[in-house]
There are 2 protein chains.
Amino acid sequence: MDKVAASTARPVTAPLTERQEARRRRILHASAQLASRGGFDAVQMREVAESSQVALGTLYRYFPSKIHLLVATMQDQLERMHGTLRKKPPEGDTAAERVAETLMRAFRALQREPHLADAMVRALTFADRSVSPEVDQVSRQTTLIILDAMGQENPTPEQLSAVRVIEHTWHSALITWLSGRASIAQVKIDIETVCRLIDLTAPPQE
Amino acid sequence: MDKVAASTARPVTAPLTERQEARRRRILHASAQLASRGGFDAVQMREVAESSQVALGTLYRYFPSKIHLLVATMQDQLERMHGTLRKKPPEGDTAAERVAETLMRAFRALQREPHLADAMVRALTFADRSVSPEVDQVSRQTTLIILDAMGQENPTPEQLSAVRVIEHTWHSALITWLSGRASIAQVKIDIETVCRLIDLTAPPQE
DNA sequence: ATCAAGTCTGTAACTTGTTCTACATTAGCG
DNA sequence: CGCTAATGTAGAACAAGTTACAGACTTGAT
């Protein structure tokens, strides 16, 4: 009588044993490490397996594709970044300024590891339907970071729309930067431009 | 003495003979055809070569990678679309409305061949630096379409920024739709939201 | 402690993008 | 016309993602 509501299948994912958790961690670490070196192409499944002391088949059991692996790597890094960003909240006067400031801070972090950024962002936008849940998770996390920066408890639907558009711009601007089609300065402008949308959407000052 | 300024290397690309032009066309056609069936994965270089009656090596001479091929396919389709869109200019009162209307029209066209859209957009965002010139060309063409829709001869720098952000949103929104993470309705909202940026940037009524 | 079920490992095979090679064809030119 | 360089062809070979499989190791329940 202890089945709590196993609606679809897994309770998100079977709880991992300690060793399994350690393996998972080693894999993600190896992935980030290789990505930092040479970007997307340098993350080769055989190498990841070797670096993390795991058989290739096991790697695929943990992450069913290279894209899954890199998206998971991004989740991991994003959480880390969210933690870092939280520590020093942005100081702008308007919500738009604060969001822009936060995104620029994140952008500078990415610039420190451009290859890693390349691997993660390319994987994210290349992901097909089979990775939707994971990509969605990344998206939610990003939304959280932006809402945090806005500093508003209950955003209006309009503001949420603005946040969606900001995320779109953020991802796409990153891509143009990574592929060398836009400068850092240009990305900054794009971010600042789109952030104006936030102030457009009448902030419910109460 | 007739060297006109062959600065780097090619005068863009050596002029193609008739047969070469025909080959190129066959290849692009086969590419679009295969893409329409099964999207990115269905465009297999061997199949494209066979369908277009060209040796694999030749295919690679014309398009140095699958990504190049698909981006070229997109260029081709975009030109077609621009022609179509030109015929019936959008009817909205404001520039923002007209741009949104135009993009939604393009979106509906993509919906008719979702697999083709998948192949083209995935290639576009996955492209690395080696494809920058071609991707840039696509970007310029898109900008043109949007400026056309705005119906303004000389846009302000601010408006150009808005256009950049609109393009970012357009690409990213397409991706979320293609990967099943956003509905058609949601894409519509995102487009409409970002288009408001145009009206923000004081239109120089003269 | 023992057994069954589930995990891992090592390794080979398969797929598809990409490169290479040896030979045939074509195009432009004297 | 006849030559030469460029282009095209067929097919093998290679690289990296992915899958398959046989045998060892863990784990959890009894």
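Throughout, a chain's letter reflects where its sequence line sits, starting with A, and its residues are numbered from 1.
With no hydrogens or angles considered, no side-chain donor-acceptor pair links A:R108 and A:Q111 at under 3.5 Å. Between the side chains of B:Q77 and B:R80, no donor N or O sits under 3.5 Å from an acceptor N or O. Checked by atom type, the side-chain pair A:R19/A:T17 shows no donor-acceptor distance below 3.5 Å.
Between A:E18 atom CD and D:dG28 atom C1' the separation is 16 Å, expressed in whole Å. Between the CG atom of A:L34 and the C1' atom of D:dA16 there is a distance of 14 Å, rounded to whole Å. Remark: C1' of C:dT7 and CD of A:E21 are 16 Å apart, rounded to the nearest angstrom. One interatomic measurement links the two molecules: CZ of B:R24 to P of D:dT7, which rounds to 15 Å at whole-angstrom precision.
At the heavy-atom level, A:Q53 lies under 4.0 Å from the strands shown only through sugar-phosphate atoms. Using a 4.0 Å heavy-atom distance criterion, A:Y62 is classed as a sugar-phosphate-only contact.
Axis angle, first five pairs versus last five pairs of the helix from C:dA1-D:dT30 to C:dG30-D:dC1: 10°, rounded to 10°.
The side chain to side chain contact (heavy atoms under 4.5 Å, CB included) test applied to A:L178 returns A:A117, A:D118, A:V121, not counting sequence neighbours.
Formation of a donor-acceptor pair under 3.5 Å by the A:S51 side chain with backbone atoms of A:V48 is not found in this model.
The heavy-atom pair separating B:L59 from B:M45 by the smallest distance is CD2-O, 3.3 Å.
Between B:Q20 and the phosphate of D:dA6, there is no side-chain N or O to OP1/OP2 separation shorter than 4.0 Å.
Both tests pass for B:K66 against the ring of B:F40: distance under 6.0 Å to the centre and angle within 45° of the axis.
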- Can you give one letter per nucleotide of nucleotides 17-30 of chain C, going 5' to 3': B for a protein heavy atom under 4.0 Å from the base, S for sugar-phosphate only, - for none? BBB-------S---
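For the atom pair CD (A:E167) and CG (B:D190), the distance works out to 10.0 Å, reported to the nearest 0.5 Å.
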